[in-house]
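In what follows, chains are A, B, ... by sequence order, proteins preceding strands, each numbered from 1.
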Amino acid sequence: MNSQDFGAPGASQDDLFSPRSPRGLLDNLNPEQYAAVTLGQEPALILAGAGSGKTRVLTTRIAWLMSQGLTTPAGVMAVTFTNKAAKEMVTRLSAMLPVNVRGMWLGTFHGLCNRFLRAHWKLAGLPQGFQILDAGDTVSAVKRVIKAMKLDEERFVPKQVSWFIAGAKEDGMRPRDIDLRDEQTRKLVEIYQAYEDQCEREGVVDFAELMLRSYELMRDNAAVREHYQRRFQYVLVDEFQDTNKLQYAWLKMFAPPGNGQGVFAVGDDDQSIYAFRGARVGNMSDFEREYRVRKVVKLEQNYRSFGNILDAANALISNNSHRLGKNLRTEAGPGEPVRVHEANSDFAEAQWLLEEAQALHRQGLARSEIAVLYRSNAQSRVIESALFNAGIPYRVYGGLRFFERAEVKHALAYLRLIENPNDDTSFLRVVNFPARGIGARTVELLQDGARQSGRSLYQSIGSVSGRGGASLGGFVGMVDAMREATTGLTLREIIEHVIETSGLADFYRAEKEGEERLENLGELVNAAEAFVTQEGFGKDAIALPVDEHSPGQIADGLPAAIAPANPATPDAETGEIMSPLAAFLTHASLEAGDNQAQAGQDAVQLMTVHSAKGLEFDAVFITGLEEGLFPHENSMSDSDGLEEERRLMYVAITRARQRLYISFCQTRMLHGQTRYNIKSRFMEELPEETLKWLTPRNQGFGSGFARDYQQAWQRGSGLKSMVGAGRVEPPSFASAPVPQSMKQSAAQKTGDEHGGLRVGKGVFHTKFGEGVLLTLEGSGPDARAQVNFGRHGVKWLALSVAKLTPID
DNA sequence: CCGGAATGATTTTTT
DNA sequence: ATCATTCCGG
């Protein structure tokens, strides 16, 4: 999109303009892009490198298909992963053609599943107004199940169990499908089953369930399946490398191999960075094979970055095996070298990048064109405080999303209870918030009563007698009164009413630091207002299934028997079949909303490398290129993990248009402890000729930070990874927490010198190479040293055996 | 029931 | 260091 900055090959491509297409649509596409856009109704795999105009190809293809009369909006399904990507597509598409985006199935996997299930709730075995649990809701629902089953929460950690359940669902497995290989699994499956029953009772579905339910309905109902397969002539999938097993299976239900539909999968195996949550890069090669893709189109022309940046990226990624093979090229010339900076500490790193960023800004670069990337969120703090103290505006991505804030979730819980009083998750969230004298004991009694009768908490308040019962009656009475009082009101009025009568407003007004929370509640009202009036997505969600039974669609062959289930009385004028409130609640679960309010300001952008995917900036700082951090130590043990880390670095590098900085430091505060690091192996994988060192190259290990050595006894994370890899026995003291009082003496002890070795200094080992000495302890034949050897890990060595020589 | 103190866990993240 | 959760005494 900023190709003009780099002299994109626009002029040379006028000859590609086809007189049959609307003027401009195919202008300035390069030959590969053109080939992809104008493919016929056949399966296609597009390998779209970073900055190769992927979104443009996707949207242009949709526009082209319609302009050629090859299909209509109803015949197209376009799937993305994020709401942001979906919105981007809508925006660009409507700029190209006056497309009826509403009639098109364009959205996220989960958004489309929601749409599908809203239309076919009956066939899918769901209640009409089913609500969607977000990640947090899911964990607390699982937690309740574990409690109810009286299982040990230490052995069955709710978060991990919910991860297990989601993982099973994403493999298409119901409880009965899982192999009960051991006792633990047997119990987990029991929890899974109980969780499913609970969701069923409460009329809620989690994210994975949206996908699995849709998949199963398509699989098991031939009429539905045939209808949708006939309807969608063209199916486009973005970020295909990020699809998991279930998503691919889902896709195959809508457009199976050999069915003649135009399935257009776009992806980049080098940018697959979500294997850790179930993404299968292998889906790309599976797709190529199963769909018998005749020609894979590679988009390798990069319109984003200068040559040195791309050379660095290409060289780095070439260290990965199992690639589909692709090399980015640019016509923009080499540009500036990649600048490399080594700092003594994370603090110094932050200070340096701040000054550098300020200099760029003074040279006329907008702050919003400067991005600071890091591997893990914890790294943002020191950078933030440096920027904050210097008074430089910045924006941090990630963190709490709007709809995930506690006060917002509380308000939503009341709203959900109005919509569905049997939603136990919401019931429990607010039954005693604000506090109204309903304690843990009372809630426990209520839960027992509910369990015995198999009813919801709301239905079971009669089972608790005495004072607790009376308070519960009061709560339920209040919710019922809210429901009554808000019928017929607008969404905005409903929410305002709930915030006031629930006592939430008063609670936060009374609280010392409730100001911001009150503002967020006000913001919730605004969000609702915007949702109702907004064209496009919001309205789309409300009026959703209307297009499903527009005359054309039914005539299209959906048998009456399986026609979308209608509510008794859809609104005659708008066709609304969901109440605005229900639709808004769905919207809140499906789209967590942006997190930072200061989005409009010109500010330096701070984010993890993961969240930078898909974005681009004129100047990019990649920080913390240190072994154990990037690559992260938890990913270093196996080659798959390491390759994913490398792809992550590849993604980071390719975010930069003009100027790229890479930095690392010798010491870093982590979890309140200073740790000594050596530079990342990825640094060695960057071609020297693309780099420009801002600090002296090949500085000896440990130079300049020996004065900090007294803290070097640290073991913590390094040890953990060691134990995890099963390589070394940890020293006995380290596995037990060390009392604060002992830390000083232990630290001082490590200050000792041993045969010229000093903590914090570099050492050389004949087998493991260079490392940093972290700890020295014991004496004589028992003397041991802990050394960080970077790629060889952190090791404990007996000095009587190991040959360690000091360097520097 | 509430609030302070102890305890524990901190890769990456969308929906 | 920091944040969230849990525990325990008033």
*A/Y274 near the nucleic acid: base, sugar-phosphate alone, or nothing, with a heavy-atom cut-off under 4.0 Å?*
sugar-phosphate
*A/R144 versus A/T425, side-chain donor and acceptor atoms under 3.5 Å*: yes
_Base, sugar-phosphate or nothing for A/N377? Non-hydrogen atoms, less than 4.0 Å._
sugar-phosphate
*Do the side chain of A/T442 and the main chain of A/I438 share a donor and acceptor less than 3.5 angstrom apart?*
no
*Answer yes or no for this row: A/F276 ring on B/dT11 base, centroids under 5.5 Å, planes under 30°.*
no
*asked:* With a 6.0 Å cut-off on the ring centroids, do A/F109 and A/W250 count as close?
replied: yes
*asked:* Once you apply a heavy-atom cut-off of 4.0 Å, does A/L133 come out as touching a base, just sugar-phosphate, or nothing?
replied: nothing
*If you measure from the ring centre of A/H632 to the centre of the six-membered ring in the base of B/dT11, is it under 5.5 Å, with the planes under 30° apart?*
yes
*Reckon A/S589 touches a base, only the sugar-phosphate, or nothing at all at heavy-atom distances under 4.0 Å?*
nothing
*Respond yes when some side-chain nitrogen or oxygen of A/N83 is under 4.0 Å from OP1 or OP2 of B/dT15, and no when none is.*
yes
_Determine whether a donor-acceptor pair (N or O, by modelled atom type, separation under 3.5 Å) exists between the side chain of A/H610 and the backbone of A/I273._
yes
_I'd like to check, for A/H671, whether its ring lies over the base of B/dT10 with centroids under 5.5 Å apart and a plane angle smaller than 30°._
yes
